[in-house]
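Order of the sequence lines fixes the chain letters, A, B, ..., with proteins taken first and strands second; residue numbering starts at 1 for each chain.
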There are 2 protein chains.
Amino acid sequence: MSTVQGARARARLEVTAAIKDEARRQLAAEGAAKLSLRAVARELGMVSSALYRYFPSRDDLLTALIIDAYDSLGQSAERSHEAVAEAAPLERWVAVCEAVRRWSLDHPHEYALIYGSPVPGYVAPQATVPAAARVGLLLIGVVRDAHDGPGGLEELPAVPEELRAEADRIAADLAPDLPAPVAAALVVAWAQLFGLVGFELFGQFNRVVEEREPFFRHAARQLGRGVGLH
Amino acid sequence: MSTVQGARARARLEVTAAIKDEARRQLAAEGAAKLSLRAVARELGMVSSALYRYFPSRDDLLTALIIDAYDSLGQSAERSHEAVAEAAPLERWVAVCEAVRRWSLDHPHEYALIYGSPVPGYVAPQATVPAAARVGLLLIGVVRDAHDGPGGLEELPAVPEELRAEADRIAADLAPDLPAPVAAALVVAWAQLFGLVGFELFGQFNRVVEEREPFFRHAARQLGRGVGLH
DNA sequence: GTGCTGACAAGAGCATTGCTCTCGTTTGTG
DNA sequence: CACAAACGAGAGCAATGCTCTTGTCAGCAC
């Protein structure tokens, strides 16, 4: 045992990383549909069959890229949030939303991979769940801070009777310390945020919205108000 | 000229329709990624090269399916709207939203085709634009009716200064008879609607929201209030 | 040190795909 | 009636994901 981890294991990690890097490059350049195992192998100077020692199938490679994408998005959002950690909750909320938008515009194909149509079959592998939750947790955190902070949270109208139980369940799962209407509104806002980003990204706003950035900022603000921030 | 349109032309239309039908079947069964020209031809008892007389490429077939999907969605929404044409504007708004959700759940792969990641390259062919606008126009109509109707429209706060000009432009393009803040809010709500639907469809709500239908109805109602309906 | 085992790379190969080209045949029309 | 356009069939090309077999080399136990 000359090295801590074994030279073999280290080499394996390096090759795995190189494969993912090259795959990410092709993903960014051409999109998920054109990501080809053979092309990745070719670019790396290996033969295609050798690649299967590291990823048992193309879908497994894609899954790895999906997890990385969630992480990258989460990290971006968290960093942007830290930069305005002292600001008022509504400003922090908007900052997180804008970070999500920025990342998405900068990584359109990776966005499509995680929030567009599920590319492989339909399976969202269990492994992606924790990574996927990061942005959501961040938004919850902002609202919780506002709730506990000096200004408090705007009181939201009660949810309709038919939704009372469900809202309670959502709150219990996501943020037991927040009022049920706030928790429900948070989930709605979370989905709506990605609706806005997706529409801009996939061209639905072409010929409709020109000044995308102020438009989005305004919408994000409204979203924040919808969960009780002010 | 024995027939009105020529037997040949009619045959062509029939074959074209048969191809699209079979393609739609495969799309619904397996998704856009697995839609194969050869498989379609095989199922129709023709040879693959013959199919190219009708669609010059796989992308062209997909484009045809996209237009049909937009039309199908638009028709669904319009029908649902007509069924509640006498109701209050907010009810009609919710009905249209629910029709969009219903159609999307019933045609997940077609939804993915038009609102998911752009499957081929990036091109949204010009031909799809009018079909794509139908749901939007329907929503605009509901709000316009409310604006002109007895109850009127809730007054919306003015948009921030940085967005004033853009909101005016959007209103001029989309609905010159509506106040600019309403027009801007409409675009936002439009995007958010598809954010909600997409999140449910693509599994983002798994383990988060259980009672999807009342949850969506509530969210749709909020969306309607956001554009001034009541 | 010396073997042995398991990880690895390389190559050939299979089924499938989108698409092109060529060659007869049919068909509607000037 | 003749002719051109439309059509179907088949072969073929380059590429893909994936499998199987074969040779090789590194790292471990003895």
Side-chain angles (χ1 to χ4, degrees), chain A residues 1-20 22-23 25-27 29-66 113 118-121 123, chain B residues 1-20 22-23 25-27 29-66 113 118-123 125:
Chain A
M1 200 191 295
S2 63
T3 66
V4 186
Q5 189 42 272
R8 197 127 204 180
R10 178 153 54 226
R12 185 175 178 83
L13 286 185
E14 267 173 35
V15 176
T16 305
I19 293 172
K20 285 206 292 186
E22 177 57 31
R25 275 201 45 244
Q26 294 196 13
L27 177 67
E30 297 269 22
K34 306 214 168 175
L35 195 168
S36 143
L37 276 192
R38 291 180 109 113
V40 170
R42 209 178 302 135
E43 209 67 25
L44 261 49
M46 28 180 10
V47 91
S48 73
S49 58
L51 216 145
Y52 284 82
R53 302 242 171 229
Y54 299 88
F55 295 94
S57 85
R58 183 179 181 275
D59 283 2
D60 289 272
L61 215 197
L62 275 180
T63 301
L65 293 184
I66 288 178
L113 207 56
V119 188
V123 286
Chain B
M1 198 191 296
S2 64
T3 65
V4 186
Q5 189 44 271
R8 197 133 202 177
R10 179 153 55 226
R12 185 175 177 82
L13 286 185
E14 268 172 34
V15 175
T16 305
I19 292 173
K20 286 205 292 186
E22 177 57 31
R25 275 201 45 244
Q26 294 195 14
L27 176 68
E30 298 271 20
K34 305 214 168 176
L35 195 168
S36 144
L37 275 191
R38 291 182 108 112
V40 170
R42 210 178 301 136
E43 208 68 24
L44 260 49
M46 26 181 11
V47 92
S48 73
S49 58
L51 216 145
Y52 284 82
R53 302 254 174 222
Y54 299 88
F55 295 93
S57 84
R58 183 178 182 276
D59 282 3
D60 288 272
L61 215 197
L62 275 180
T63 300
L65 293 184
I66 288 177
L113 206 55
V119 188
Y122 240 126
V123 286

What does [X] touch in the nucleic acid at a heavy-atom separation under 4.0 angstrom: a base, only the sugar-phosphate, or nothing?
X       : answer
B/Tyr54 : sugar-phosphate
A/Leu51 : nothing
A/Leu44 : nothing
B/Ser57 : sugar-phosphate

Quick check on [N]: is either OP1 or OP2 less than 4.0 Å from any side-chain nitrogen or oxygen of [X]?
X       : N      : result
B/Ser36 : C/dG18 : yes
B/Tyr52 : D/dA9  : no
A/Arg42 : D/dT16 : yes

To the nearest Å, give me how far apart [atom1] ([X]) and [atom2] ([N]) are.
X       : N      : atom1 : atom2 : value
A/Leu37 : D/dC18 : CG    : P     : 6 Å
A/Arg58 : D/dT19 : CZ    : C1'   : 18 Å
A/Glu14 : C/dC8  : CD    : P     : 13 Å
A/Arg38 : C/dA12 : CZ    : P     : 12 Å
A/Arg12 : D/dA26 : CZ    : P     : 18 Å
B/Glu30 : C/dT16 : CD    : P     : 14 Å
B/Met46 : D/dA6  : CE    : P     : 16 Å

Requested in this report: Kindly compute the distance separating CG (B/Leu61) from CD1 (B/Ile19), expressed to the nearest 0.5 Å.
Outcome: 7.0 Å
Please give me the minimum heavy-atom distance between [X] and [Y], naming the atom from each residue.
X       : Y       : answer
A/Tyr54 : A/Met46 : CE1-CE, 4.5 Å
A/Ala32 : A/Arg58 : O-NH2, 2.7 Å
B/Lys34 : B/Gln26 : O-OE1, 4.4 Å

Give me the distances for all protein-to-nucleotides 22-25 of chain C N/O pairs that come in under 3.5 Å?
none

